[in-house]
Structures are given as structure tokens and as C-alpha cells.
Asks: 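Could you have a look at this structure, given as C-alpha cells, before my questions?
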Amino acid sequence: MTALEPTGRLQPYGIMVADDTARVFAAIAQHGGKARYVGGIVRDALLKRDLVDVDIACDLAPEETQTALEKAGIRVLPTGLKHGTITALTDAGTYEITTLRVDVETDGRHAEVAFTDSWLADAKRRDFTFNAIYCDPDGTVYDPFDGETDLREGRVRFIGVAENRIAEDYLRILRFFRFQAWFGRPPVDPVGAEACRKGAHGLIDISAERIRDEMFKLLRSRSPAGTVGDMIGFGILPVILPQLARTDCLRIMQWLDSTALADPAITPDPLRRLAALFQTGDDGTDDNLAAAERLARALRLSNEQTDRFAAMVAQAPLIDPEMSADNIRRDLYRIGPDAFRDAVLLAWSTRAAVPPRCSRQENEQWQSLIDAARNWQPVKLPIQGRDILAAGLAPAGPKIGELLKQAEEYWLDHGFEPDQNELKTYIVGLLSAGAQETE
Ligand code: ATP
Ligand code: MG
């Protein structure tokens, strides 16, 4: 029995009812093929979530699908021809179209695949029951492993024998916990989690980029701390990223960034959450910074991400809820409101994670730092090198930079008040004091 029996219906919406989507399905049908939604889009439609990317399973060979789509004037990228996947691009969105397939040989990282005409065989090679639900364009649902029940009950369940499925592809361990964070209800499925524990050693060979992508997807879920705790408890993170241990800080961070603070500039941010979770076991700032850079390299973060991550780790220890208005302004001027906000959130979650509990007054102090970032109006030092040059205060050269630095300090010490004239007067004063000293 290789066909699938209908098990239910769903009401198509969003990208499912876009004209472009109808064109994709029609092109395949015209070529004699059969295509169905599968994977994330069906899962998300059953949960009535926003639908973004479209996964489609199809019984045509990938080259044929490509021809069919191109004939219909649809743009196609041969993204993974070897594995049977092509990507169709339309104005409405992106469609990952994969030929029905089975894995014939696996080594924990790569699979050699064979195409098949069996929908059931295709379903069996997928990872979790709720990721193997298919759906016709009209909304007819085929759910061979009762993934709908698992989805409704918040259970992430491997298709087949979990241990075997993990040995075929160790990345499934990370997918298991990622889907647990998004769709699971605690406690985590003990059979799957135990199988993950047994297979954790296999993660050593998984590429850093894939680990990073999975970790970021996990950290984007609403409240990942509990699942991250499971990943530590079941020995997953200790194998790949032992420096990620502060679930207590992450718990506060996720509460701050998604619930506690009504500030439009603050939204859940995976990199900031990663920083909360990051623990070196060393308070020395330099060592901390070196460890942060090692983590950034280990996860192949982009340069921009690395800089932001390192800045958070370096700045957070300098934040004090009792800092003066003057110091707050200086920091805001020096690093800008975004980096300041990052540092405050990180410092706040680190502080609040350890007893004693923050008093109401202390929480208000932290809140006022966040407010300061929101209300910050950028200011610019009202004097530049060329003003000093034009006033004949110093010749072109390094002296100008020195004078500017001193003028900036003076300006900061006086609450950004001094204007250009006052700063010139200050510089004249500096120069004549300097001249007297050298006399
Ligand atoms: P999302 O796109 O929201 O991250 P998804 O479930 O669509 O979630 P994809 O990576 O797009 O995930 O994969 C599409 C489908 O392909 C999955 O739903 C699953 O059926 C199958 N799949 C993806 N990766 C694996 C894997 N490593 N092992 C087995 N099946 C997989
Ligand atoms: Mg998908």
C-alpha cells in the first residue's frame, strides 16, 4: 500500500490560495505529475499560523518538475537536484519542491537517495510525525502517522525507531529539540530524548553552520529556556556547546524580551538570547571576551553578529542599575541606544537570575535604563577638526585629534551643553596652559 488515504481536511489560506501557488500546482499537473503540500506549511496551517515558505512533495523527477515549471514561465533554481529538490520562485513566495524519495544509504550526515513513486515511503523517511502530513491544494489532508494528534498534544515523536532515525542523520537531534521548543508541551517525549542522549556523540561531525542555524531557530521560539535545559540535561549541549549553560539567565531574558517590557524596540532576539545563555565560568572581562569570540568562531557567526555579540559581553559588566544620569548619557553617546539596550538586557538578566530577587525599586532602576535608550536623541560633538584648523588653533596633524578628544571629554562632563564657541575657548585655554607648562 503505497498511496495515502485521506484523513481530514483543512481550509487553505494565505500563500496556499495565491494565484502563483495555483500556477505551480497547475504546471506540475499539466506535465502529468502529482504534487502535495508537506512539512512546515501543512503543520503551520493546521495550527493556523502565518504561512511563509512552501514545501511541496511531487512524483515527477526533479528535472521534469523543472521543465514543467519553466514551461509555465516560473523561475526555478536547481538547489538540490541530487537530493531531488528544486526551488521555484514567484512573487508570492518560495517553493521547495522535492521528488518523492527514500534514503538508500546514510552515514549520519549525508544521504544517498533514490526516487520513488510511493507516498508512504516518502513519509517514512521524514523525521517527525507532524512533519509528514500531506495536503492537496484543495485542503484534503493525508496524515499517515497521526501527526495531527501529536501536534495537538504537543508531542514531538520520531517516525520509526528513534535511535535508528538519529543514526541516519544526527542533525535530527537538534531538530527534535527545536520542534519541541516551538510545538512541544513539556515534558519532552522521553523515548525521543533518550535516543538523542545516546546519539549525542554523532553531533560532533555536524557542520558548525547547521548547528548555528538550528540553535538560532530554537532561540527564536517564544520561550526556549525549558527546552535548552532539556538539551543540557540530556547531554546534547555539553557535547557541542558546553559554554551555553545559563538557562537561568535565558529564562529572565526571554521574559524581558517577549513579555515584561512594553518597548517596541525590544523583541525576542536570538543573538541576545545566546549571549544570556553563554557562560564562561570566568568573570575576568578579557577572558570572557576571548571566550565570546571563540564561541562566535565556533558558530561561524557573521562579522556583524560577532561584533554585536562581543560588544554585549564586553558592555554588560559595565552596566549598573544605579548608574548616574550622566553616565547613562555617556554610554548612550559612546555605543548608541541599540548596543546600550543589549547590554542593559544582558546585565539585567544576569543580575535577576541570581538571588536575592530584584526589589521593586531595583527593577524600576533597570527599567529606567531601558527608558533612557528609548528617549535618547542622538547628539554630535559641535566641533570638528576642520573648525580647529580654520580657527588657527593648531596645524594639521595629530595635535588636532588630541585636542578634539579633550574637547569631547569636556563636552561630555558638561552634559553636552557647551557649543562650538565655548569649546574653542576651552581649547584656547588648554593650549595656553600647555604653553605655560613648556616655558
Ligand atoms: P521550517 O521550514 O519551519 O523550519 P520544516 O518542517 O518545513 O520547518 P524543512 O527543513 O523546511 O523543515 O523541511 C521540510 C520537511 O522535510 C520537514 O517537515 C520534514 O518532513 C523533512 N525533513 C527536513 N529535514 C529533515 C531531516 N533532517 N530528516 C528527515 N526529514 C527531514
Ligand atoms: Mg520548511
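Every number for a ligand or one of its atoms is a count from 1 in the order of the listing.
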Asks: When you compare the side chain of D257 with that of R272, does any pair of heavy atoms fall below 4.5 Å?
Replies: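 In short, these two side chains touch, coming nearer than 4.5 Å.
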Asks: In terms of residue, atom name and distance, what is the protein heavy atom nearest to atom 22 (N) of ligand 1?
Replies: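 Ranked first by proximity to atom 22 (N) of ligand 1 is R175 NH2, 3.6 Å.
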Asks: Using a 4.0 Å heavy-atom cut-off, say whether D55 meets ligand 1 through its side chain, its backbone, both or neither.
Replies: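 Within the 4.0 Å criterion, D55 contacts ligand 1 through side-chain atoms alone.
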Asks: Which one holds for E96 and ligand 1: side chain close, backbone close, both close, or neither close, with close meaning a heavy atom under 4.0 Å?
Replies: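 The answer is neither.
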Asks: My understanding is that we take every heavy atom of each candidate and find the minimum distance to atom 1 (P) of ligand 1. Doing that for R178, R172, K124, which one comes out nearest?
Replies: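 Residue with the shortest heavy-atom distance to the ligand atom: R178.
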Asks: For the residue pair D91 and D20, establish whether any side-chain heavy-atom pair is separated by less than 4.5 Å.
Replies: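 Yes, their side chains come closer than 4.5 Å.
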Asks: May I ask you to identify, for N131, whether its side chain, its backbone, both or neither come under 4.0 Å of ligand 1 on a heavy-atom basis?
Replies: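 It is both backbone and side chain that touch ligand 1.
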Asks: Mind telling me whether W366 and W348 have parallel, tilted or perpendicular rings, with 30° and 60° as the class edges?
Replies: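 Ring orientation, 0 to 90° scale: parallel.
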Asks: If you take the centroid of each ring, where Trp contributes its six-membered ring, are Y37 and F25 closer together than 6.0 Å?
Replies: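 Yes, the ring of F25 comes within the 6.0 Å limit of the ring of Y37, centre to centre.
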Asks: Of R43, R49, E214, which has the heavy atom at the shortest distance from atom 8 (O) of ligand 1?
Replies: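 Looking at heavy atoms only, R43 sits closest to atom 8 (O) of ligand 1.
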Asks: To check your reading of the model: name the closest protein heavy atom to atom 19 (C) of ligand 1, its residue, and the distance in Å.
Replies: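 So the nearest neighbour among protein heavy atoms is D127 OD1, 3.6 Å.
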Asks: Please state which part of F179 comes within less than 4.0 Å of ligand 1, counting heavy atoms only: side chain, backbone, both or neither.
Replies: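 Just the side chain.
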